[in-house]
Number of protein chains: 2
Amino acid sequence: MKHRSSYALSVDCVIFGYTESKLQVALIERKNSPYKGKWAIPGGFVEGDETVEEAAFRELQEETGLSDLYLQQFHVFSEPDRDPRGRVITVAFFALIDADQCELVASEDASKAVWWSIDDIPHLSFDHDTIYDDALKALRIAIKNQPLAFELLPKKFTLTQLQQLYEEVFDLEIDKRNFRKKVAKMDFIQETGTMTKGAKHRPAMLYSFNNKKYAKYSSEIML
Amino acid sequence: MKHRSSYALSVDCVIFGYTESKLQVALIERKNSPYKGKWAIPGGFVEGDETVEEAAFRELQEETGLSDLYLQQFHVFSEPDRDPRGRVITVAFFALIDADQCELVASEDASKAVWWSIDDIPHLSFDHDTIYDDALKALRIAIKNQPLAFELLPKKFTLTQLQQLYEEVFDLEIDKRNFRKKVAKMDFIQETGTMTKGAKHRPAMLYSFNNKKYAKYSSEIML
DNA sequence: ACAAAAGTGTTTGTTGTACACCCATGC
DNA sequence: GCATGGGTGTACAACAAACACTTTTGT
């Protein structure tokens, strides 16, 4: 290949988790300079022959211990001065997980890794404020076009959990009865027959998302 | 900076143009190997300190002569074997222009550059078949969420042109009266007072898109 | 018995869909 | 006068929005 510019490539992952009826984001506290001791989005460099998706999965496994999570790239950030160490182009991803099923682990370059409520995100290192804002916009668009809400919930969930997730992501209030009427028409969201136990109120029916029925349904409406 | 993998970075632009009531894509015939004489999406390498957006604009200006066009990145393709010359990571963009206002120019590495109807795209070089498919999907999602149709039309356009554009992009048929009823409610699409001339049928009112009114309107519905 | 969340229908307004004819122009 | 696309309204169905009370459980 001819003489040609080449670049360091990184991936940054905005990890959205859902727990206690709150949408949260995984942030790390940086162990090393630059921005030592400051908050940042977890990420790392692409290495060797891996794709950007493989690099992002690798980072996510280090961070969360999980291998089964939803990951979607949404933007490339390539401002020449975005990293004080030199020219680094980053591919930003967002990931979705049920935060209750994972413990965050501070990986190599982090002294802490914690869940942070989206109402209350601190100022972040590098251009990560922008990356986070764009991630939330991308999540909102994606969740309208694909059945991604279920990636944030346990496999069995109550309708109230599902409703509160939508309210949280889109920052609005939804009428319970109207919401349930709508869900009832979606036959890819189905009763499991089991119910919640031990709450200090009436037990709730647990539902699950049926991907096969959804695939059939969505291919029908597209044609 | 430590020893670390670095990569050649390119941009590929799926340029959508609209002319004669048809959505088209600009393709080049490659002048050099690999894929010499085959069709491909125009693109080029990112150089020096430019952002990927700047690189894409540079390529588009070489290709179309235009500087005022809409450009949006939509995906990074990073399979290690996607380019037989070596490891090249590419950031894919789609661009929107009124094809009647530009003449395609075959740039450096192309022997031809032509508009090609989207009904009839040939097999493309590299992984460009995939890039093109994803571009069309990204265009459909984007055009539902932003007022991008107007980027493909002349500044003054008839409602029939606007309607046919939607029909073309989404591959469906729309009822003329219902479409016009809907447009009438959008006060950011406004009559210009001038009409088409010289057609061998009744003249049509020309409309224009008012970005200021749209901004006001869209900020209201978001809140 | 009280607190806390689960569950359930009806009415009203808004939006979408289906559908057919006359009009202005060029040739 | 004929071919071509421009322009218009109404009736019905589907969907969205507003709204309050009873049920089941734990303490």
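Naming convention: chains lettered A, B, ... in sequence-line order (proteins, then strands); numbering from 1 in each chain. Computed over heavy atoms, backbone and side chain alike; hydrogens, waters and symmetry mates excluded.
Among the nucleotides D/dT25, D/dG9, D/dG7, the one closest to any side-chain atom of A/Pro203 is D/dT25. With D/dG7, C/dA4, C/dA18 as the candidates, the nucleotide lying closest to the side chain of B/Asn178 is C/dA18.
Defined by atom type and a distance below 3.5 Å, a donor-acceptor pair is present between the side-chain atoms of A/Glu63 and A/Ser107. With 3.5 Å as the limit, one finds a donor-acceptor pair spanning the side chains of A/Thr192 and A/Thr194. A donor atom on one side chain and an acceptor atom on the other are found under 3.5 Å apart for B/Ser111 and B/Glu29. No hydrogens or angles considered: a donor-acceptor pair under 3.5 Å links the side chains of B/Ser10 and B/Thr90.
Considering only side-chain N and O atoms, A/Thr160 lies nowhere under 4.0 angstrom from the phosphate OP1 or OP2 of C/dA5.
Remark: C1' of C/dA6 and OH of A/Tyr207 are 10 Å apart, rounded to the nearest angstrom. The CE-C1' distance, from A/Met195 to C/dG7, rounds to 9 Å in whole Å. Atom CZ of A/Arg202 and atom P of C/dA5 are 14 Å apart (whole Å). Here D/dA20 presents its C1' atom at 11 Å from CG of A/Asp175, a figure rounded to the nearest Å. In this structure, CD of B/Gln163 is placed 12 Å from C1' of D/dG5, rounded to the nearest angstrom. What separates CD of B/Gln161 from P of D/dG5 is a distance of 13 Å, to the nearest Å. Atom OH in A/Tyr166 sits roughly 14 Å away from atom P in D/dA16 (whole-Å rounding). C/dA5 atom P lies 20 Å from atom CZ of A/Phe157, rounded to whole Å.
Scanning for side-chain contact (heavy atoms from CB on, under 4.5 Å) contacts around B/Arg202 gives an empty result, with sequence neighbours left out.
For A/Lys181 against C/dT10, a side-chain-to-base donor-acceptor contact under 3.5 Å is present. Within 3.5 Å, a donor on the side chain of B/Lys176 pairs with an acceptor on the base of D/dG7, or the reverse. A donor N or O paired with an acceptor N or O is not found under 3.5 Å between the base of C/dG16 and the side-chain atoms of B/Lys182.
Nearest-nucleotide mapping onto DNA chain D: of B/Arg177 and A/Gly198, the residue sitting toward the 5' end is B/Arg177.
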